[in-house]
Student: 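Take a look at this one; I'll ask things after.
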Amino acid sequence: MLKETSPSSVLSAGLAIALLLFFLAVHVAGSQPWLGFSVVPAADAVRVDSVAADGPAAAVLAPGDRLLAVSSSEGRLLLEGWDAVAEPDDARDYADYNRFFARQQALWQILHGAELSLQVQSLTADGEALNPRWISLHITQPRGLANLPLLFWYQLACGLSVLLMGVAAWAFVQSERGPLLYALAGLAIALAIIASAIYTTRELTLSPDWFLLLSRMNQAGAMLFAGTGTALFWYYPVRLAAFPFERLMLPLVALTLLANWMQWLPDLDVAARYPLLLWFALDVVFASLQWRRTRREPVERARLKWLLFAWFAGAFGYLLLVIVPQVFGMQSVAHQSYAWGLFVLTYLGIALGIVRYRLFDLDRWILQAWFWFAFGVLFLVLDALLVMWLELETRMGLLLSLALIGWAYLPLRQGFLTWLMPKDSRQSLHDRLPAILQQAFEYQRPVAEQWAAALRDIYQPLSCDSAPDGSELRILDNGLRLQVPAVGEGEGLVLSYAAAGSRLFDRQDLAFCRQALTLFSYAQQYHQSYQSGVISERRRVARDLHDDVGARLLSVVYRAQGSDELQQLARDCLRELREVIQGLQKGTVQLQQSYARWQAEARERCRLFGLTLDMQLEPEARTRLLSPRSERNLSRILREAFSNTFKHAGATGVQVRLRLAGERLILDFCDDGRGLLASGLTSEGVGLVGTRQRCEELGGEVRWWSPLEGGLAMRCEIPLGGGPQT
């Protein structure tokens, strides 16, 4: 494996390549002879489109004039509309293509001859053609930067933007083929765009050597972009097969270009346009396979959706507006020079996907790196333009560019960047801090469960798994997962794919988890201290009740020998007191132990009242622990339910079920008596109110109803945390 280069070095190299292409394009375009006018194709000649106010043709030409011929000591040439076409690849046949460059060669030689003159035909205000006339034209200087049209700078900006975005993506993930192919595609289309910027904005002609070279550079860049894009869909977001597709793609691209340049094929449709459409068709096929492969991978599917949207919006838009009409023998809907902006939208869309869906496993700061590039380029270009266009001194131009950057560009850039960034759930932590604190100190569930629930609520991971050996807080798998220690005893957690897979875990998450872990540790210590104090106080109260109230009740039992009713009442009070004391003295108890006692008491009471009993405990719930408060309240809820049935229902049988539903214990009680309304019970009754209060005290809820088959039913649900253990 090749040693990776530091991102800063790659970024610097990318910026150097961009600057080299920038200065090369400016040099070639600016060193051409300056005629002072631009032309567009006409029916049987070329038409003057614009005339520079201070150019060589300012006094002799006007917009709308028709150029019929050009003459000098090197010869004479009658002009055709085809001579002014911006893109020679618009030709369908090689004969027209070759004829175009042959005429450009002749036109270039004539322009460099002595006594240059143009045959011009002007039009009246009514559109009537005047008699042609010959005018002399003196070319004294090269075109220069100030005379390059806006369309040149637009195309140059498009090419450099795509190049820099591609390099920035690859700089941070050099081990992946996806970013590499993305960067190569950006370089390829940048070469095509920059070449187009030079020859499509020529005035009348261009150096023949440069013209043919730039035309072939444009063809090679477009074809390489198409092939590299298809290879990208082969590898990203998942590799479709083990076959190295680039070994097939590169020879196909080279063979297609060679066949085009050597003119082995019938026409330019077969040589250039059909291959581009074929590459796009393969993009669709591979994208469909990727869609199928990622159907059970929500993160990869989200990344693929964004890539498809960005890539096909640009590539398909370019083909639909430029290539497809030419295949059908029509003019392009949008000229190539303007359609390059679609590729900028493609790469900008993928940059947005990098921010929102971690395309190529990059994090959100990649967009900031791109803004850093753009800021540097904009500063240099703005300073140069102020010096050249306004003819300012270098120092004054620097001051003005700094003022414009500081007062206009930076505020707009920051506002756009703020709007562009996805809303991070971590930004709302200050607003959610009170809820997190309340969650940490709740008694309804243990602190460890509250800790896990808080992590799920904050980070919304796709999965949260246990980590038996996870005692250290750290980031795993380059940010895909976060290992978090447990609070107190127990297993740690591994959170996978933060925010439903839309971002990576980073150092901010480590810092927040470290602080939150400290907070929940304090909550755990507080709970432990509280429980220790509660246990000590319970034991003191139990001791006082046993020594004082218990002794007095025992005396009442002995003194009530003459009254059976009073003696029985005293014995019942003494039994209740002993249960309270036992509840205060013991800690948590397994549910099956409490169930055995509840079942024995219920069976005895049902025997006395002549009712059948069907009471069952779900096997999975037997080993679950109950706090003293939970055990005591459930005992009284069951006792009150049986008492209501004995007093009011007129039932012959009772059915009781205890089962688990997640982390909640469900108590189902049902008799076959007269039902809720017929029994005379109301929600305001003392027994039912007490039952509701005991259930709510445990953080649960209770409800009663009459089933269709008759009788009275009650369901009580409580969390197994059970509230404070008092």
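These numbers come from a predicted model, not from an experiment.
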Student: Just how far is it from atom CG of D671 to atom CG of N644, taken to the nearest 0.5 Å?
Tutor: 9.5 Å
Student: Apply side-chain hydrogen bond (donor to acceptor under 3.5 Å, both in side chains) to the pair S643 and R605, showing each step before the final yes or no.
Tutor: CA-CA 9 Å; S643 297; R605 296 185 70 187; 2.9 Å; yes
Student: Can you tell me how far CD of Q655 sits from SG of C670, rounded to the nearest 0.5 angstrom?
Tutor: 6.5 Å
Student: When rounded to the nearest 0.5 angstrom, what is the spacing between OG in S630 and CG in L665?
Tutor: 9.0 Å
Student: With a 4.0 Å cut-off on N to O distance, would you call E663 and R624 a salt bridge?
Tutor: yes
Student: For the pair L591 and L625, evaluate side-chain contact (heavy atoms from CB on, under 4.5 Å) and give the outcome as yes or no after the intermediate values.
Tutor: CA-CA 6 Å; L591 180 57; L625 298 179; over 6 Å; no
Student: Quick check for you: to the nearest 0.5 Å, what is the distance between L482 atom CG and L455 atom CG?
Tutor: 8.0 Å
Student: Test your reading of the model: is there a side-chain donor-acceptor pair from R239 to the backbone of A242, 3.5 Å cut-off?
Tutor: yes
Student: Judged by atom type as modelled, is there a donor-acceptor pair below 3.5 Å linking the side chain of Q616 to the main-chain atoms of L658?
Tutor: no
Student: Judged by atom type as modelled, is there a donor-acceptor pair below 3.5 Å linking the side chain of Y235 to the main-chain atoms of F245?
Tutor: yes
Student: Is it the case that the side chain of Q483 and the backbone of L476 share a donor-acceptor pair, with hydrogens and angles ignored and the cut-off at 3.5 Å?
Tutor: no
Student: Identify which one of Q593, Q590, R597 satisfies the side chain to side chain donor-acceptor pair (under 3.5 Å) criterion when paired with E631.
Tutor: R597
Student: Show the numbers, then the answer: is there a side-chain contact (heavy atoms from CB on, under 4.5 Å) between M714 and L667?
Tutor: CA-CA 8 Å; M714 179 194 72; L667 166 63; 4.3 Å; yes
Student: Between Y459 and C513, which heavy-atom pair has the shortest distance, and what is it?
Tutor: OH-SG, 3.5 Å
Student: Would you compute the distance between atom OH of Y182 and atom CG of L232 and round it to the nearest 0.5 angstrom?
Tutor: 9.5 Å
Student: Listed by chain and number, what are the side chain to side chain contact (heavy atoms under 4.5 Å, CB included) partners of R659, not counting sequence neighbours?
Tutor: E618, I666, D668, R715
Student: Please report the interatomic distance OH(Y595) to CG(L626), rounded to the nearest 0.5 Å.
Tutor: 14.0 Å
Student: What residue among F642, W704, W598 forms ring pair (Phe, Tyr, Trp, His ring centres under 6.0 Å) with F669?
Tutor: F642
Student: Strictly below 4.0 Å, N to O, side chains only: are R639 and E601 in salt-bridge contact?
Tutor: yes
Student: How are the rings of W311 and F233 set relative to one another: parallel (under 30°), tilted (30 to 60°) or perpendicular (over 60°)?
Tutor: perpendicular
Student: With a 3.5 Å distance limit and no angle check, can you tell me whether D465 reaches the backbone of V494 through a side-chain donor-acceptor pair?
Tutor: no
Student: Go through D509 and I475 one step at a time and tell me if the side-chain contact (heavy atoms from CB on, under 4.5 Å) criterion holds.
Tutor: CA-CA 9 Å; D509 297 309; I475 293 177; 5.8 Å; no
Student: Under a 3.5 Å distance rule, please check whether R674 uses its side chain to pair with a backbone N or O of H648 as donor and acceptor.
Tutor: yes
Student: Report yes or no: does D672 contribute a side-chain atom to a donor-acceptor pair with the main-chain N or O of T652 at less than 3.5 Å?
Tutor: yes
Student: Okay, side chain of R293, backbone of V238: is any donor-acceptor separation there less than 3.5 Å?
Tutor: no
